[in-house]
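First the structure, in the form of structure tokens, and then the observations on it.
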Amino acid sequence: MSPAPTPPPSTSTSTSTSTYTSRSLPRPSPETGGPGPKCADLGPETTGADPERAAPARSAAARGPGRSLRLALCLAPLLFAAGWAAANRPVVYEGFRRLVAADPGWLAAGAGFTCLTWVAASCVRQGALPDPVPPRLLLASQFAAGAANHVLPGGLGAHAVTLRFLRGQGVPLERATASIGLYSLVKSVAKALVLVVFLASSPARRRLGELIPDGRLLIPLAAGVGGAVTVAGVLLTVVRPLRRPVAGLLRTAVSDARAVHARPRRVLALWGGAVAMPLVQAGALACVGASLGLGLPWEQVVLAHLAAGTAVGAVPAPGGLAVDAALVWTLVAFGSSPAPATATVIGYRVLTDWAPLLPGALVLSALIRRNVV
């Protein structure tokens with residue numbers, strides 16, 4: 001007797017079974033393609049956590065110290081400018097008072113020469129670097145570097161701002177440092193050449209003999225330079241970890257100098273800007289002297305500026321205080337009265353350094369906020 005046929009399963013039963021099976025099986029992970037973790041394995045505390053909300057919270061917590069540091073760097077130039085103005089209120093007041101009473105036409109010409117100073121500095125910076133950088137940002141960085149020069153002596157503030165700017169533009173550290181060294185070298189050589197030309201062509205060079213220090217002052221200066229060179233040589237000989245970075249920096253400097261001088265545009269920007277820089281600075285001084293009634297020809301004012309800057313330009317004093325003292329002394333030696341000479345130097349410093357200090361600090365803060373510096 002044959003067994004009874006088994007009835008086929010109902011449609012509802014198969015549907016419910018397949019639905020249950022599909023719900024009970026773990027779904028594949030989107031990253032590995034394998035089964036993902038079960039909800040029961042996550043525990044009661046992690047099942048309610050939202051990973052999309054937790055990640056921004058962790059990133060915001062990590063950005064907290066960096067944002068505070070960047071805000072402090074943005075406010076530091078402004079605070080320094082306000083503190084410096086408060087500490088030097090009599091000098092700032094006297095300089096601005098004399099500038100208000102001066103001839104506005106000559107002051108406008110001096111302001112134009114001051115703006116050309118930043119253009120010339122930007123040309124030299126670009127000429128010392130084989131890699132092209134954005135010209136507008138470079139000009140803004142040189143304008144902001146003037147505010148930084150009041151914090152660190154010897155032009156270190158401007159070099160620090162320029163180094164951070166070049167690093168932000170993707171220039172390697174060795175190449176950026178080598179460009180700063182080439183900038184300083186070419187600037188000094190060009191200024192010395194311009195001074196030699198003015199000494200050879202101006203009859204007022206005889207009056208500079210009174211400003212040359214005697215041998216008693218030259219001996220300590222030569223001893224200091226020789227001692228610095230000796231200490232550097234001993235450090236490079238004894239400290240072996242310094243040899244490799246210094247040798248790499250020198251190789252990069254020589255290679256970049258050759259690459260720069262192989263391009264006519266770079267040569268024109270480098271040496272043309274270096275020659276124009278002391279001339280436009282001296283032009284600003286001559287314009288301020290004309291507005292205040294200094295009473296000296298412009299070639300003597302230019303020669304006084306070149307001589308004073310070359311003689312004591314290496315003295316590490318913030319804001320060019322040593323240069324200002326030597327400049328007043330040189331102008332008096334050329335025949336000017338002490339009062340107009342002092343007023344001219346104060347007005348020149350107000351026009352070229354103190355007046356652009358607050359705008360330069362604002363530009364520096366903006367560049368720091370935009371991650372440019």
Side-chain angles (χ1 to χ4, degrees), residues 117-135 137-142 144-146 148-149 152-196 222 224-278 309-310 313-316 367 372-373:
T117 303
W118 302 315
V119 176
S122 301
C123 291
V124 182
R125 295 288 188 186
Q126 179 61 86
L129 191 68
D131 302 327
V133 293
L137 291 180
L138 178 60
L139 181 61
S141 68
Q142 296 310 298
N149 261 344
L152 299 176
L156 296 179
H159 292 331
V161 172
T162 304
L163 182 62
R164 289 184 58 89
F165 168 74
L166 295 179
R167 293 291 293 144
Q169 298 301 317
V171 180
L173 180 59
E174 290 185 354
R175 173 161 289 182
T177 308
S179 70
I180 292 176
L182 183 59
Y183 168 88
S184 303
L185 178 61
V186 171
K187 181 181 175 182
S188 301
V189 172
K191 189 173 184 179
L193 292 177
V194 174
L195 176 60
V196 170
V225 173
V229 173
T230 304
V231 170
V234 170
L235 288 177
L236 292 178
T237 304
V238 176
V239 184
R240 294 184 177 181
L242 291 178
R243 298 179 186 176
R244 180 173 296 179
V246 171
L249 179 61
L250 291 178
R251 285 194 300 267
T252 304
V254 173
S255 176
D256 289 351
R258 291 178 179 176
V260 163
H261 286 84
R263 304 176 184 179
R265 292 184 179 180
R266 290 289 191 271
V267 174
L268 180 61
L270 180 63
W271 289 98
V275 171
M277 189 179 300
T310 305
V315 177
L367 294 178
V372 177
V373 174

Does any part of the side chain of [Y], heavy atoms only, come nearer than 4.5 Å to the side chain of [X], both counted from C-beta?
{"X": "Gln142", "Y": "Phe165", "answer": "no"}
{"X": "Asp131", "Y": "Gln169", "answer": "no"}
{"X": "Ser184", "Y": "His159", "answer": "yes"}

Table please: side-chain donor-acceptor pairs of residues 265-278 below 3.5 Å, with sequence neighbours left out.
| residue | atom | partner | partner atom | Å |
| --- | --- | --- | --- | --- |
| Arg266 | NE | Leu129 | O | 3.0 |
| Arg266 | NH2 | Pro130 | O | 3.2 |
| Trp271 | NE1 | His261 | NE2 | 3.1 |

Any donor-acceptor pair under 3.5 Å from Ser255 side chain to Arg251 backbone: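 Between the backbone of Arg251 and the side chain of Ser255 there is no qualifying donor-acceptor contact (under 3.5 Å).
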Rounded distance [0.5 Å steps], OG1 in Thr177 versus CG in Leu166: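 Answer rounded to 0.5 Å: 9.0 Å.
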Rounded distance [0.5 Å steps], CD in Gln126 versus CG in Leu139: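 It is 12.0 Å, given to the nearest 0.5 Å.
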Residues in side-chain contact (heavy atoms from CB on, under 4.5 Å) contact with Leu193, at least two apart in sequence or another chain: Val189
Would you tabulate the side-chain donor-acceptor contacts of residues 117-124 under 3.5 Å, counting partners in other chains and residues two or more places apart, or write 'none'?
| residue | atom | partner | partner atom | Å |
| --- | --- | --- | --- | --- |
| Thr117 | OG1 | Phe113 | O | 3.1 |
| Thr117 | OG1 | Thr114 | O | 3.4 |
| Ser122 | OG | Trp118 | O | 2.9 |

Criterion side-chain contact (heavy atoms from CB on, under 4.5 Å) on Leu173 and Leu163, from CA distance to verdict: CA-CA 8 Å; Leu173 180 59; Leu163 182 62; 4.1 Å; yes
Distance-minimising heavy-atom pair for Ala253 and Ala178: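 That would be CA-CB, 3.6 Å.
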Exercise: identify the closest heavy-atom pair between Val260 and Gly127: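 It is CG1-O, 2.9 Å.
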